[in-house]
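Structure first, commentary second.
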Number of protein chains: 2
Amino acid sequence: MYKESRKMPKSAEDSKKRMSGEQRKAQIVTVAMQLFAEEGFKGTTTREIARRAGISEAVIFKHFSKKEDLYNAIIDQCCNDGGGESRLLKLLKQKQGREVFSEVAMFLITEHQNDSTFLKLLTYSALEKHTLSDIFIKTKAMELIEFLVSHIKSLMDEGVFRKADHELAARAFLGMVLHFNIAQELYGLKKTFKRQNSDVVDTFVDIFFDGMKRR
Amino acid sequence: MYKESRKMPKSAEDSKKRMSGEQRKAQIVTVAMQLFAEEGFKGTTTREIARRAGISEAVIFKHFSKKEDLYNAIIDQCCNDGGGESRLLKLLKQKQGREVFSEVAMFLITEHQNDSTFLKLLTYSALEKHTLSDIFIKTKAMELIEFLVSHIKSLMDEGVFRKADHELAARAFLGMVLHFNIAQELYGLKKTFKRQNSDVVDTFVDIFFDGMKRR
DNA sequence: TGTATTATAGTAAGCACTTACTTACCTTTT
DNA sequence: AAAAGGTAAGTAAGTGCTTACTATAATACA
């Protein structure tokens with residue numbers, strides 16, 4: 001074939017030169033994750049993954065026995081980062097009271113604004129009933145919920161918050177923030193509904209804090 | 001062919017006898033909507049729609065020029081119900097203050113518990129960037145948000161609520177409720193997280209009302 | 001009322017293309 | 001020379017859609 005005729009997507013610039021096996025595998029997973037986020041598992045073809053990675057389809061099957069294994073490999077990249085705290089929990093060290101909630105809200109809002117790939121991938125995997133979403137919920141999501149729950153408990157013990165179902169309270173808070181992201185990023189509300197991130201965070205944290213305060 | 005050999009899914013009992021054209025069209029749309037909710041547009045084949053409807057594939061193309069037109073027909077069934085208020089807005093007539101929010105929360109929670117088909121369909125269509133989600137957001141969803149916004153404005157004017165961004169406040173409230181549904185129904189949290197609907201509604205409405213009250 | 005005709009609903013078989021995946025071989029690097 | 005990375009061509013099965021025909025119900029007429 002004539003290499004000159006081959007369209008070379010920018011993202012595959014470095015596939016012009018040969019990669020090591022490990023590098024190529026990691027690249028395929030990255031590209032696949034983007035496509036699975038855009039189109040879902042069934043909507044993504046191995047042909048399109050190869051095209052976007054700048055390789056032939058057969059290379060994919062040198063690294064993964066089947067398409068499903070490639071999807072599963074994403075789990076290793078994002079959920080099983082072997083020990084080590086998440087970036088968010090690191091951020092929350094030394095934070096107290098209201099600042100914890102502000103930090104969580106700001107982190108989640110800016111994280112998804114900067115890159116909604118993972119939000120979309122997670123949503124697709126929940127709909128497609130893939131283990132990825134199960135594993136994510138059981139690890140990362142529960143980690144955050146449990147952290148918030150223990151923080152809410154402390155605030156109740158200190159008399160700052162009134163007695164209430166702390167798991168429901170944590171869900172209420174996260175629900176405001178995460179649904180805001182879902183509506184803005186997945187449903188396209190960000191085109192018409194524009195607010196400063198700090199205003200959004202302040203409003204949600206105000207509602208939550210004032211709503212939970214002892215009466 | 002031998003009728004005896006044909007598998008007759010229960011849902012297609014009445015396709016044993018011929019339907020009128022209009023009846024069949026409506027049945028195909030209903031079955032297709034269920035499948036599009038389960039598998040998404042790309043994950044649903046016209047073969048599977050026909051199988052579930054108990055007809056041959058060619059019948060689908062007697063009523064719809066292509067698969068995409070069948071998907072679009074769902075819009076007619078659920079978003080363009082010609083004038084007439086939604087069931088929820090009817091429920092909210094004569095309701096005041098806190099009762100409005102309780103009613104909205106209870107309606108949305110029980111609606112999705114009873115049948116999460118539409119929630120899944122809408123989520124898939126947002127991810128797949130289909131006009132269905134656009135149209136739903138611009139009609140039904142905005143109708144509810146605007147109703148809540150005007151109600152929140154009234155409460156602010158009456159001095160019950162403090163001055164705040166009423167659109168953000170409406171989003172905060174709906175976010176708690178809708179994300180609760182998403183987590184329970186799509187992410188499978190309902191298997192491990194069980195609460196009385198009334199407790200969930202009370203907690204969310206308490207947080208919102210106390211959070212919005214004048215200080 | 002029975003029969004022939006017409007209209008309508010439905011099917012079997014097929015088409016062109018796409019899909020996930022394989023294989024035998026080529027090219028480049030060590 | 002051997003190992004490793006990569007490709008062109010191919011396979012069997014699946015996909016959206018079409019076509020020529022069949023089956024059934026409704027209607028007209030004797």
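None of the values given here were measured: they were computed from a predicted structure. Order of the sequence lines fixes the chain letters, A, B, ..., with proteins taken first and strands second; residue numbering starts at 1 for each chain.
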Given atom CD of A/Gln23 and atom C1' of C/dT29, what is their separation to the nearest angstrom? 14 Å
Hey, what are the protein-to-nucleotides 3-8 of chain C N/O distances that come in under 3.5 Å?
residue: C/dT8; atom: O2; partner: B/Arg18; partner atom: NH2; Å: 2.8

State which residues pass side-chain hydrogen bond (donor to acceptor under 3.5 Å, both in side chains) with A/Asp69; sequence neighbours excluded, sorted by chain then number. A/Ser65
Can you check the B/Ile49 CD1 to D/dT15 P distance for me, whole Å? 11 Å
Those residues at least two apart in sequence (or on a different chain) that pass side-chain hydrogen bond (donor to acceptor under 3.5 Å, both in side chains) with A/Arg98 are A/Asp206
The contact string for nucleotides 17-22 of chain C, one letter per nucleotide 5' to 3', using protein heavy atoms under 4.0 Å with B, S and - for base, sugar-phosphate only and none, comes out as --BBBB
Between atom CD1 in A/Ile55 and atom P in D/dG5, what is the gap in whole Å? 13 Å
By salt bridge (Lys or Arg N to Asp or Glu O under 4.0 Å), which residues pair with A/Lys194, not counting sequence neighbours? none
Residue pairs involving residues 102-112 of chain B (criterion salt bridge (charged side-chain N to carboxylate O under 4.0 Å, His left out); sequence neighbours excluded): B/Arg87-B/Glu111
Nearest-angstrom distance from the residue atom CD1 of A/Ile60 to P of D/dG5: 16 Å
With B/Gln196 via side chain to side chain contact (heavy atoms under 4.5 Å, CB included) - residues at least two apart: B/Ser198, B/Asp199
d(NZ, B/Lys62; P, D/dA20) in whole Å: 11 Å
Taken in chain and number order and not counting sequence neighbours, the residues that satisfy side chain to side chain contact (heavy atoms under 4.5 Å, CB included) with B/Lys190 are B/Gln184, B/Glu185
Can you list every side chain to side chain donor-acceptor pair (under 3.5 Å) pair that touches residues 117-126 of chain B, not counting sequence neighbours? B/Asp115-B/Thr117, B/Ser116-B/Lys120
Is it the case that the ring center of A/Phe118 lies less than 6.0 angstrom away from the ring center of A/Phe136? yes
